[in-house]
Amino acid sequence: MKSPLLSLPGAVPAEGVDEGVAAHYGDLFREQRALADGTGFVDLSHRGVVTVSGDDRLSWLHLLLTQHVSELPAGEATEALILSAHGHIEHALYLVDDGTTVWAHVEPGTQDALIAYLESMKFFYRVEVADRTADIAVVHLPAGSIAEVPDGVVVRETAYGRDLFLPRAELESFAASHGPAAGLLAYEALRVEQHRPRLGFETDHRTIPHELGWIGTAVHLQKGCYRGQETVARVQNLGKPPRRLVFLHLDGSEVHLPVPGTGIRVADEGPEGRKVGFVTTSVRHHELGPVALALVKRNVPVDARLLAGETAAAQEVVVEP
């Protein structure tokens, strides 16, 4: 779904899964600094929006999600995952309940599969699942923003800012009164700085929550049974995940960023050494320079110098080995 804000001056469209919104509006670092200072907004209207209403919505979702939501207070934001039977991550949901309805935004294009799964699990529960992507747009206000929220708009407030579930018809008028707009690349740069994983970027078909630091933030360890819980409990109690998320400071003299999927090797073994991981997201940060998130094997020493392709990289621990 193409955002009307792509008509704003300087807008350059994003590509790939983020197609439909602006990657930037002509000045990437200015846009990053604005968000870091708590000003402006980010158009996330390409993300899927799913609602669950009905008297049983929280108790029912509690059975399906990795998060404890059966007593979720109205207005309190949380995030949750849906796992496969083997504990691999299939969906990531960013949730808030407004007292009558649970609102969730999800990765672009994943809402159809999510809704199909939810519909298959309704049974006799008093719930209604709806795809609201066509009429509701997600807009992000950064942490520290004092911008006023239009009346009646559902807000999901976190330490990183506020996600607004805004009527899509009001997107252009909102932009006119809440600018300047910041593109998705600025938003992603701050996400990487904050070490926050993203479904489809930091995950592949075999990712489990422990590898990305989603235990605690999206996975509650003292709740009832849900699909994939056996894997979560086994790794938590008996073992360690096979991989771990790291934050990389990349050599700033390189012109090009290593693209997602670029192999990670231990620098002492050279560019022909064994592959120990791969880049998941790489960005240019307005203060830190070129940085990235990557998944590496758990047994890679935390002080090892790394190579991302041919680019030297120093690692910071995100998930403990």
Side-chain angles (χ1 to χ4, degrees), residues 1-49 94 105-111 133-134 136-143 145 147 160-164 166 168-194 196-202 248 250 252-262 279-293 308-309 311:
M1 189 171 293
K2 185 176 179 180
S3 172
L5 302 192
L6 285 172
S7 64
L8 291 178
V12 175
E15 298 178 345
V17 69
D18 289 321
E19 183 180 2
V21 295
H24 62 84
Y25 295 91
D27 192 337
L28 172 62
F29 291 151
R30 177 190 61 77
E31 294 165 31
Q32 283 187 37
R33 287 191 289 270
L35 292 181
D37 290 340
T39 60
F41 71 94
V42 183
D43 177 11
L44 300 179
S45 62
H46 63 316
R47 291 184 64 81
V49 176
Y94 299 86
H105 65 80
V106 299
E107 288 298 325
T110 65
Q111 63 268 23
T133 310
I136 297 294
V138 179
V139 173
H140 177 76
L141 295 174
S145 171
Y160 307 109
R162 290 175 287 171
D163 298 334
L164 278 53
L166 184 76
R168 194 171 288 274
E170 299 177 14
L171 189 54
E172 289 182 276
S173 61
F174 179 90
S177 59
H178 289 75
L184 198 67
L185 289 180
Y187 179 84
E188 285 288 282
L190 299 188
R191 177 182 71 82
V192 170
E193 177 193 12
Q194 294 154 354
R196 293 189 290 136
R198 182 177 173 190
L199 182 77
F201 287 65
E202 279 60 59
L248 300 179
L250 303 170
S253 66
E254 296 289 341
V255 175
H256 300 290
L257 290 171
V259 299
T262 299
V279 173
T280 59
T281 304
S282 58
V283 297
R284 296 191 185 278
H285 191 276
H286 70 287
E287 289 183 341
L288 301 176
V291 292
L293 293 175
T311 301

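If you're wondering where the values come from, they're calculated on a predicted model, not measured in any experiment.
- The shortest non-hydrogen separation linking Leu28 to Ala186 is CD1-N, 3.7 Å.
- Counting only residues at least two apart or on different chains, the ring pair (Phe, Tyr, Trp, His ring centres under 6.0 Å) pairs with a member in residues 18-42 are Phe41-Phe174.
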Audit row: Val139, Leu44, side-chain contact (heavy atoms from CB on, under 4.5 Å) steps and yes/no: CA-CA 5 Å; Val139 173; Leu44 300 179; over 6 Å; no

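- No more than 12 heavy atoms of other residues, nucleotides or ligands shown are found within 6.0 angstrom of CD on Glu19.
- Under a cutoff of 6.0 Å and an axis angle of 45°, Arg191 and Tyr160 do not form a cation-pi pair.
- Atom CG of residue Leu293 and atom OG of residue Ser282 lie 9.5 Å apart, to the nearest 0.5 angstrom.
- A pairwise comparison of heavy atoms in Ala308 and Leu250 identifies CB-CD2, 4.3 Å as the closest pair.
- For the residue pair Asp37/Thr39, the side-chain donor-acceptor check at 3.5 Å is not satisfied.
- Although no hydrogens or angles enter the test, the distance criterion places a donor-acceptor pair under 3.5 Å between the side chain of Arg162 and the main chain of Ser145.
- In plain terms, the two heavy atoms of Val283 and Ala189 that are nearest each other are CG2-CA, 3.9 Å.
- Nearest heavy atom pair, residue Ser173 against residue Glu170, reads OG-O, 3.0 Å.
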Test side-chain contact (heavy atoms from CB on, under 4.5 Å) on Val192 and His285; report intermediate values, then the result. CA-CA 9 Å; Val192 170; His285 191 276; over 6 Å; no

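- For the atom pair Ser45 OG and Leu171 CG, the distance stands at 5.5 Å (nearest 0.5 Å).
- Here the side chain of Gln32 pairs a donor or acceptor atom with the backbone of His286 at under 3.5 angstrom.
- For Thr280, the side chain to side chain donor-acceptor pair (under 3.5 Å) partners are Glu202, not counting sequence neighbours.
- Here the closest non-hydrogen pair linking Pro142 and Leu35 is CB-O, 3.3 Å.
- One finds the CZ atom of Arg168 at 4.5 Å from the CE atom of Met1 (value rounded to the nearest 0.5 Å).
- Taken to the nearest 0.5 Å, the CD1 atom of Ile136 stands 10.5 Å off from the CG atom of Leu164.
- Contacts of Glu107 classified as side chain to side chain contact (heavy atoms under 4.5 Å, CB included), with partners at least two apart in sequence or in another chain: Arg47, Thr110, Arg198, Leu199.
- Under the rule for a side chain to side chain donor-acceptor pair (under 3.5 Å), Ser177 has no partner lying at least two apart in sequence or in another chain.
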For Val291 and Glu193: C-alpha separation, side-chain torsions, deciding distance, then whether side-chain contact (heavy atoms from CB on, under 4.5 Å) applies. CA-CA 8 Å; Val291 292; Glu193 177 193 12; over 6 Å; no

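- By the ring-ring contact (aromatic ring centres under 6.0 Å, His included) test, His46 is found to be paired with no residue, residues two or more places apart in sequence or in another chain being considered.
- Residues Val279 and Pro258 approach most closely at CG1-O, 4.0 Å, considering heavy atoms.
- Remark: Tyr187 OH to Glu31 CD distance equals 15.0 Å, nearest 0.5 Å.
- Here the CG-CG distance, from Leu184 to Asp18, works out to 4.5 Å after rounding to the nearest 0.5 Å.
- Qualifying side chain to side chain donor-acceptor pair (under 3.5 Å) partners for Glu172, counting only residues two or more places apart in sequence or in other chains: none.
- Between the side chain of Glu188 and the main chain of Thr281, no donor-acceptor pair closer than 3.5 Å is present.
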